[in-house]
There are 2 protein chains.
Amino acid sequence: MGRGKIEIKKIENTTNRQVTFSKRRAGLFKKARELSILCAADVAVIVFNSTGRLFDFASSSMKRILERYRSACGGHDWNNEHEQMLCQFRNLRKENEDLHREIRYVMGEDADSLSPKQLDYLEGNLEIAAKKVRERKTEVLKYERRKTESKVNGLEQKCILLKQWLATAENLEEYDQTPPPTFRVQPSQPNLQSAGY
Amino acid sequence: MGRGKIEIKKIENTTNRQVTFSKRRAGLFKKARELSILCAADVAVIVFNSTGRLFDFASSSMKRILERYRSACGGHDWNNEHEQMLCQFRNLRKENEDLHREIRYVMGEDADSLSPKQLDYLEGNLEIAAKKVRERKTEVLKYERRKTESKVNGLEQKCILLKQWLATAENLEEYDQTPPPTFRVQPSQPNLQSAGY
DNA sequence: CACGCTATGTATAAACT
DNA sequence: TAGTTTATACATAGCGT
């Protein structure tokens, strides 16, 4: 339809492409409009040209047509999804506030607003908690003591060995040939000095 | 473009409308396709016929075109908004978990995993809390006692008045003409019996 | 680049099958 | 109701301004 038939493939000449785009876009929108009127159809056309500019046509409200499209075919119903998430969000936030309050409560910072009964209950809970903590502390301290003791024992053993070696060495006067018994403290870092830096 | 010119207005004959719809829809989609190819454009066409059936054409991915449309013009960028909300949601949930943990912590329920230092700190906090609670309890109890005392005082006063009245009444022997001094306990419920039920 | 023109190819209304 | 045909209206490629 024009002076000559054209092949349907990308028009490489930019100016030509722009012109054709304008003409055909107008034609497309006109056809869309006619279809919507003649056949009582709801029509939406969205076009981005090669430079990314947007052109659109809608026989009624674009928003409504797109909503309808979304609910009709596949895609997410974002509005609904958004609502649901907002709901969950609010719940979570409320739970959060409650937790903050509870922490204030158990730390006795809201004591002024509590009834005697609640105060008793809270006091009981705090005592239970403190007892747990004390018990655990005792346990930990005991464990630490045991660890220290065994360390001391180990060191004592090493001292004894060292003394024995010294005695032997003095007797034989062979300091440089009998190595001391091996024991060492585990280095917490690689020994850089002996690595040649 | 046909045997006769037609006016652009709704085709009332249903069959005719259907036929025209099919033909023109095909034509519209063809034009859309040609435009997209010739001019390297991104084209989407959405059509609902008069019975609500959906037909669509997209030169690339309909989803992508609609996203692009949404971000280019007006409406929400739901994807982005969704991402952001999801992010906030995750933060809130994390905070929530932390709060749960903290409650367990201050109630001494995680004592087993704490260092001696932490245990000391926690013990100190629990003592502070317990002290607050005890102080408040003391205050409340004192207040209650004062309230009870004043109530007792009030009752004693009333007793004295009553005795005085009795003494007077006996002296004058006019029980039925001198009313007793007015005082009453506030009823916590309306007195149903005297209301005639 | 934004028009207007016009020869020509297309789309399609109506008729037919 | 669906495909085919055909006469016609319409859209538009190439060109000029």
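For the numbers below, each heavy atom of this structure counts, side chains included, while hydrogens, waters and symmetry mates do not. Since the structure is predicted, the reported quantities are computational estimates derived from the model, not experimental observations.
When the ring pair (Phe, Tyr, Trp, His ring centres under 6.0 Å) test is applied to B/His100, no partner is found at least two apart in sequence or on another chain. Among residues two or more places apart in sequence or in another chain, the side-chain hydrogen bond (donor to acceptor under 3.5 Å, both in side chains) test is passed with B/Arg17 by none. Not a single side-chain hydrogen bond (donor to acceptor under 3.5 Å, both in side chains) links B/Thr20 to another residue, sequence neighbours left out.
Within the 4.0 angstrom heavy-atom criterion, only backbone atoms of the sugar-phosphate kind lie near B/Thr15; the bases stay farther away.
Cluster partners of A/Leu119, by chain and number: A/Leu99, A/Ile103, A/Tyr105, A/Val106, A/Met107, A/Leu114, A/Tyr121, A/Leu122, A/Leu126, A/Val133, A/Val140, B/Leu99, B/Ile103, B/Tyr105, B/Val106, B/Met107, B/Leu114, B/Leu119, B/Tyr121, B/Leu122, B/Leu126, B/Val133, B/Val140. The rule joins Ile, Leu, Val, Met, Phe, Trp and Tyr whenever side-chain heavy atoms lie under 4.5 Å apart. Membership of an apolar cluster is not assigned to A/Val19, as no side-chain contact below 4.5 Å to another ILVMFWY residue is traced. Clustering of Ile, Leu, Val, Met, Phe, Trp and Tyr side chains at separations under 4.5 Å leaves B/Leu141 isolated, with no partner residue. As a member of the Ile/Leu/Val/Met/Phe/Trp/Tyr network built from side-chain separations under 4.5 Å, B/Val47 groups with A/Phe21, A/Leu28, A/Phe29, A/Leu35, A/Val43, A/Val45, A/Val47, A/Phe55, A/Phe57, B/Phe21, B/Leu28, B/Phe29, B/Leu35, B/Val43, B/Val45, B/Phe55, B/Phe57.
Running 5' to 3' along DNA chain D, contacts with non-hydrogen atoms of chain A at under 4.0 Å begin and end at D/dA11 to D/dG14.
The residues A/Arg101 and A/Asp98 are annotated as salt-bridged, a charged nitrogen and a carboxylate oxygen being separated by less than 4.0 angstrom.
Near-neighbour residues of DNA chain D inside residues 45-55 of chain A, defined by a heavy atom below 4.0 Å, are absent.
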Spell out protein contact along nucleotides 8-17 of chain C as letters: B when the base is contacted, S when just the sugar-phosphate is, - when no protein heavy atom is under 4.0 Å; keep the 5' to 3' order. BBSBBBB---
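Applying the side-chain hydrogen bond (donor to acceptor under 3.5 Å, both in side chains) definition to pairs two or more places apart or across chains, those involving residues 122-131 of chain B are A/Lys137-B/Glu123. Residue pairs meeting the side-chain hydrogen bond (donor to acceptor under 3.5 Å, both in side chains) criterion with at least one partner in residues 25-45 of chain A, sequence neighbours excluded, are A/Glu34-B/Arg24, A/Asp42-A/Ser59, A/Asp42-A/Ser60, A/Asp42-A/Arg68.
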